[in-house]
Amino acid sequence: MGSLALSRAAVLDQPAPSIAGEVARIAREQLAPLVAGIDDGTVYPAEVLRKFGAVGAWGSHVPHEGPADLRCAIQAMAAIGEVCGATAFMAWCQDTLVWYAANSTNIKLAKRFGDAFSTGRVLGGTGLSNPMKSFFGIEKLKLKGRKVEGGYIVRGALPWVSNLGPDHYFGTIFEREDDQGTASGEPGTVMFLADCSDPAITLTPCKPFLAMDGTGTYGVQFRDVFVPDELILADPAGPFVKKIRAGFILLQAGMALGLIKDCINIMDEVDSPLGHINRYLPQQPVHFRDLAAELEAETMALARDPYNEEETYWRKVIALRLRAGEASVAAAHAAMLHCGARGYLKSHRAQRRMREAYFVAIVTPATKQLRKMLAES
């Protein structure tokens, strides 16, 4: 754990704005030229993701002697999102992978992967879309596992997992097929790290998306994969998911904050040539500046204490995530209307922002799931 502790200390020595500032600089200089390729699926920005990690973007939210603070991670993600929504999503994938390893009680796993994930030397993502839906009664778990000596054998398929490649890892959950259920009679669940280099794991490219095709998103097939005990994040998974769920959702606010800020920038950019007619539109940049400031202030307040176990806190996290998704779509819609025909060109980023905004609203937990969660909490 020595190298992880030193890496963590180095990150803590930097004030949060310096990390976000360095991330913003890299985004402007090295990510911006790649955005069109990331959007159309010809570029996966692995090297830029590693450079973000090298300046501390993926390590600031690692728990330090108990508490954790997500503010810097969210600010860094927002800086990325102001340039590219797809890469902000990949940033969230990497951040969640770090979050899983950092919170695992599997000491061997934390020692092996903690520093590699948090520095970006090893990239990866999260396969919790299906499990998060299953925990709220929307889907059934798609992966099944059975206990064997030294680990589990896992089979099944996940339709979409992002920020992947042949040497990447991701965290996900399977349902136990043996008799080790929960006290309530529900089947037991186990969370683990999946190693994409395993020959029994197959990555299949997805059909083209509306946007963000360069996010390393694949369908993942598990064909009797042996998952050793060394890759188990939590067994059982339930209490672990409850611990990490607020961080999982709160980190997504970084995607929304960055996108909304650039939509405001787009509206400002067309004010000089089109302001005389745009003033008749009901939503103006000032409205979104106020909304973004509110969302950021609430996000930063909640991000100070991601382990808060109060139900009122959990409801606030869900409600904030819902508002952030809806605000993203509203801001992108307004930017399109302010740009008019010029925003309808494929070369204009306003239409890209519109497509990215819908992703913020539908990525798990989607708008409809968040509303269901609020209704039932």
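Starting from 1, each residue takes its place in the sequence as its number.
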For [X], does the [atom1] atom have more than 12 heavy-atom neighbours from other residues, nucleotides or ligands under 6.0 Å away?
X: Tyr344; atom1: OH; value: no
X: Arg304; atom1: CZ; value: no
X: Glu309; atom1: CD; value: no

key: From Asn163, Ile38, Leu34, Val48, residue fulfilling side chain to side chain contact (heavy atoms under 4.5 Å, CB included) relative to Thr87   = Ile38
When you check the side-chain N and O atoms of [X] and [Y], is any donor under 3.5 Å from an acceptor?
X: Ser104; Y: Asn106; answer: no
X: Thr215; Y: Tyr44; answer: no
X: Arg223; Y: Thr202; answer: yes
X: Asn265; Y: Glu82; answer: yes
X: Gln30; Y: Lys51; answer: yes

Can you check whether [Y]'s main-chain N or O pairs, donor with acceptor, with [X]'s side chain at less than 3.5 Å?
X: Asn308; Y: Tyr313; result: no
X: Gln369; Y: Met132; result: yes
X: His348; Y: Leu345; result: no
X: Trp160; Y: Tyr218; result: no
X: Lys144; Y: Arg176; result: no
X: His61; Y: Asp95; result: yes
X: Asp213; Y: Asp39; result: no

Is the distance between the ring centroids of [X] and [Y] under 6.0 Å?
X: Tyr307; Y: Trp314; answer: no
X: Phe248; Y: Trp92; answer: yes
X: Tyr152; Y: Phe192; answer: no

task = May I have the step-by-step check of salt bridge (Lys or Arg N to Asp or Glu O under 4.0 Å) for Lys261 and Glu296, ending in yes or no?
result = CA-CA 11 Å; Lys261 186 171 182 179; Glu296 184 171 15; over 6 Å; no
message = I'd like to check the ring-ring contact (aromatic ring centres under 6.0 Å, His included) partners of Phe359; sequence neighbours left out, ordered by chain and number.
response = Phe89
Between [X] and [Y] (salt bridge meaning N to carboxylate O under 4.0 Å), is one present in this structure?
X: Glu175; Y: Lys140; answer: no
X: Glu326; Y: Arg371; answer: yes
X: Arg323; Y: Glu298; answer: yes
X: Lys147; Y: Asp235; answer: no
X: Glu294; Y: Arg289; answer: no
X: Asp229; Y: Lys108; answer: no
X: Glu356; Y: Arg353; answer: yes

task = Take the angle between the ring planes of Phe222 and Phe170 and call it parallel below 30°, perpendicular above 60°, tilted in between.
result = perpendicular
inquiry  = Is the ring pair Trp58/Phe52 parallel, tilted or perpendicular, if the boundaries are 30 and 60 degrees?
reply    = perpendicular
request  = State the CG-CE distance between Asp69 and Met300, to the nearest 0.5 angstrom.
outcome  = 8.5 Å
[X] versus [Y]: any side-chain heavy-atom pair under 4.5 Å?
X: Leu141; Y: Pro131; answer: yes
X: Asn278; Y: Met267; answer: no
X: Arg342; Y: Pro273; answer: yes

task = Would you check, one step at a time, whether the test side-chain contact (heavy atoms from CB on, under 4.5 Å) holds for Phe135 with Ile173?
result = CA-CA 11 Å; Phe135 292 146; Ile173 293 174; 3.8 Å; yes
